[in-house]
Student: 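Got a structure here, written out as structure tokens. Questions coming.
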Amino acid sequence: KGIHTCRRMNSMQVQPQLRPVLEVFRSGDVEGAGFIDEQRLLRLLARLDGFWNEHGRATKLLEGAGVVCGKRVDYERLLCWLGAAEGECLAQAVPVKQRGEAERTRFLEEQWSPFLKELQQLLEETRSRRKRRFLLHEVMPSQETFATLAKNNLALTAMWHGRGNISALYEVFMEAAELDGHSPYFFGDIPRERSADGYIRVLDMQARKRLYSGGKMQDQPEHTLKVGSTLQSAGESPIDNLVLPNVMRRRSALLLFAGHRVQQLFLQTLQWKQQRLLASWGLLEKSGATISERARLELQAVANADESSALSCLAELGRVVESYGQLPTSVRVRVSSVLEGLLGQSTHADNEVPADLHEFVEYCEKHPGRSFKGSPTQHKLFLLRAIACPALRVVWRSQLERFTQVRYIAVQWTRRIPLVALLEPASEAFQKQATPGGDPIDLALLRPAGIVEQTRFRKNVFAYGEAHGLGQGGGGCVEQTEWSPNTLMYEFGLQLCVDEAAKVPNHGVTDIEKIVRDCCILCPAGGLDTALPGEALHDSGQNPKIASSIGLTQHTQVMRASANDFPMLLERSAPVWYEELHAWIDLVQVGTSEDAFFISGRSKSPENQAFMQFFVDLRAHFLQAFRSTIDFAVTCHPTPCGEFILIFAPVSRLRVIHVPKGQGCMGGERDYENPDLDERVTQHKTLPVACVDCSHGKGNVLTYSSDLWQLGLRGRSMLVELYDFNRKPGTRAVAEAFLVASHSADG
């Protein structure tokens, strides 16, 4: 009944009459992955009734149910589907990947291949612009282009998988972003090595430091010039700069916009001169080498070669100049110097900005997207005054975006679980003792359920993983997921302070739902067996405070990786099936101390509300017990077979101890102390790193010397010691009590 429309249920509930069958499947599922071999199931159905063996009926049944993953069948989802009444199931078209071969082939050829070709062409054009020395803000495709591509990627993957993702776009975006001029090195240039047991991948951060110091990507001086370019620097943290404040001082606006127009006029004039030269030489259709050779001969007859920019560029490039960035540095400096003298002159009005309006402009630069003095009404009144002020300019957001080097991909999602946090002064964090069972505390509500959120994926310029990005939170302005350019909601940008409450901090605010959502939106549903060409798996996580250098802007760490890449994530102890969560929950022992552990949640549907709520409640339970003396390393990892593993590690709130240079961790000036153990990491001579975080906690270890490199290669034993040092005494007992109570309630 309903075979032609049903694929998945809103709530994965197996009907009571089918639960004995479910238990039979589970008893034979040695791996506990929730799958049965498709051919084995087909043989079983044929034995039960020969009817299913005729005309491929059983195969069509499984395809119609949408439960086939590669050569395996999700048996629980099959039973849910079989037991659902037509009026109770979610009517949904079967994903293309589970239809007939003809339909799959047609989708791949007519829809996915053209999209993938568009992505590859975009990447090649980016590489070409970078290689041809375009201005850095001209290298990456526009923000509007990425918004359109994200929308298309989500639509196409929703058709194929039944759930949309941007995995393919993210991969191309990250590769292109390495060319944007901000990344000082390519991650592929970093030496690495695996430990013998496969648990640890060691990265040479000394090499990263050398590459960074060498300024591999900083070969253009635009960032030192004030004309026709702008520094992408603003906000409450180093990464709070994706959208720039669009209230500018008159002189800054003139230098940027008018200066850019004059530069383009100069470029067009130069192009016209070069076209005339090539026409006079009869070389309009010739190759670059021929043009360069002729231009060099002509230059020899010129008294002052510096005075002939047209000839110089032809000699160097072998073609007509395409970007202002291709002009010799000396020429650009001279042009900028002249323009700065003309456009940068102050007027009487520039010096008559009222003090309160001047304060407003500075506030917008330091706190973009937040209301001035905490009042949205006052902010808009000051915005109107800024528009009327001769010394200020309010520019359109889309105009300002053209001059930014750092692009991003925005993805919209709706929060299902409230985000709460324990907001205590940092000075109190180490004064309060752990008191399990003490007086209840009130957690502050930062984001309610039902509210729309945005994740802005950007490149991590100091990458320590493949396709390493940041999943920043939204807030302060709308995105193209809701409003398009040329609308006032979009163009006024940060000045409308849209949903400024979404600008939540990173320290002390472990956002489990966002971690899960970011991971799922970057992974194809069903794993790699049914993935589209160009798709890949990515994990996500949020660092504890000690490992996060940016505290005021929420962000996740995202990398291309699966749980299979780091064996620690796959370890199991005594997993227990939680029916309501549709997940296996396990308490995995890592260290020698009982409190050196993590809780693992393994599910094929981590976005289901009950699963996420379980871990949100677990975090709140720990906060109630230990207050600000506890922290968390929470990560979400896909597996190639379509499962997701959430790793929840409760750790002590480590603190930094400043020591003389050379006496700290990794030979630096900072030591790390676990106040619960009264131990410092430097007391552990065999530990190459200090904290359990998104990278080290899974086995991706950053080292800064050959000695530390060798310590990292010890493999799992190094992770044992690391988890032991980061342990929070008493957490094991609290976790066990919570799990027992939760499982009892689950029945």
Side-chain angles (χ1 to χ4, degrees), residues 125-140 178-185 213-232 252 254-344 402-405:
E125 290 173 353
T126 302
R127 289 172 178 158
S128 177
R129 287 191 293 267
R130 177 63 192 178
K131 184 178 181 180
R132 294 181 348 242
R133 301 203 318 269
F134 275 45
L135 290 170
L136 293 180
H137 65 259
E138 296 174 340
V139 172
M140 289 284 283
E178 285 194 312
L179 305 168
D180 66 4
H182 270 277
S183 300
Y185 60 87
S213 301
K216 182 173 181 177
M217 301 300 295
Q218 302 298 332
D219 58 355
Q220 298 192 71
E222 284 86 5
H223 63 286
T224 65
L225 303 177
K226 299 180 180 180
V227 181
S229 63
T230 182
L231 287 173
Q232 196 160 347
S252 298
L254 279 175
L255 288 171
L256 177 59
F257 294 106
H260 173 71
R261 290 177 182 176
V262 175
Q263 288 172 346
Q264 294 307 302
L265 177 61
F266 183 86
L267 174 65
Q268 292 169 13
T269 303
L270 197 63
Q271 291 171 332
W272 175 75
K273 287 184 177 181
Q274 290 179 328
Q275 291 283 1
R276 291 193 62 185
L277 286 171
L278 292 177
S280 66
W281 301 338
L283 297 179
L284 282 173
E285 306 297 330
K286 295 297 181 179
S287 64
T290 303
I291 294 174
S292 295
E293 184 178 352
R294 177 60 185 269
R296 292 191 188 100
L297 290 174
E298 295 292 336
L299 276 173
Q300 294 175 3
V302 178
N304 187 352
D306 289 339
E307 297 299 325
S308 179
S309 299
L311 281 174
S312 299
C313 289
L314 283 175
E316 182 180 359
L317 301 174
R319 59 178 176 271
V320 174
V321 66
E322 300 166 279
S323 167
Y324 187 77
Q326 295 173 324
L327 272 62
T329 301
S330 58
V331 174
R332 283 182 285 153
V333 169
R334 288 201 300 270
V335 172
S336 295
S337 178
V338 172
L339 292 177
E340 188 176 353
L342 294 173
L343 302 175
R402 299 171 189 167
F403 297 94
T404 59
Q405 291 173 239

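These numbers were taken from a predicted model, which means no experiment stands behind them.
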Student: Out of curiosity, Trp281 CH2 to Leu297 CG, how far, rounded to the nearest 0.5 Å?
Tutor: 9.0 Å
Student: For Val321, does its backbone N or O pair with a side-chain atom of Gln326 as donor and acceptor, under 3.5 Å?
Tutor: no
Student: When the side chains of residues 255-266 are checked against the rest of the protein, which donor-acceptor pairs come out under 3.5 Å, sequence neighbours left out?
Tutor:
unit_1	atom_1	unit_2	atom_2	d
Gln263	NE2	Val227	O	3.2

Student: Of all residues at least two apart in sequence or in a different chain, which pass the side-chain hydrogen bond (donor to acceptor under 3.5 Å, both in side chains) check with Glu293?
Tutor: none
Student: Show every side chain to side chain donor-acceptor pair (under 3.5 Å) that has at least one partner inside residues 313-325, sequence neighbours left out.
Tutor: Arg132-Glu322, Arg133-Glu316, Glu138-Ser323, Arg319-Glu322
Student: Mind jotting down which residue pairs meet the salt bridge (Lys or Arg N to Asp or Glu O under 4.0 Å) criterion with at least one end in residues 265-285? Sequence neighbours excluded, please.
Tutor: none
Student: Mind checking what makes salt bridge (Lys or Arg N to Asp or Glu O under 4.0 Å) contact with Arg294, not counting sequence neighbours?
Tutor: Glu298
Student: So do the side chains of Arg130 and Thr126 get within less than 4.5 Å of each other, counting heavy atoms only?
Tutor: no
Student: Between atom CE of Met140 and atom OG1 of Thr404, what is the distance when rounded to the nearest 0.5 Å?
Tutor: 9.5 Å
Student: Using side-chain hydrogen bond (donor to acceptor under 3.5 Å, both in side chains) as the criterion, list what pairs up with Thr290, not counting sequence neighbours.
Tutor: Ser287
Student: CG/Leu314 to CG/Leu299 distance, rounded to the nearest 0.5 angstrom?
Tutor: 9.0 Å
Student: Say you draw a straight line from OG of Ser312 to CG of Leu270; how long is it, rounded to the nearest 0.5 Å?
Tutor: 9.5 Å
Student: According to salt bridge (Lys or Arg N to Asp or Glu O under 4.0 Å), who are the partners of Glu125, at least two apart in sequence or on a separate chain?
Tutor: none
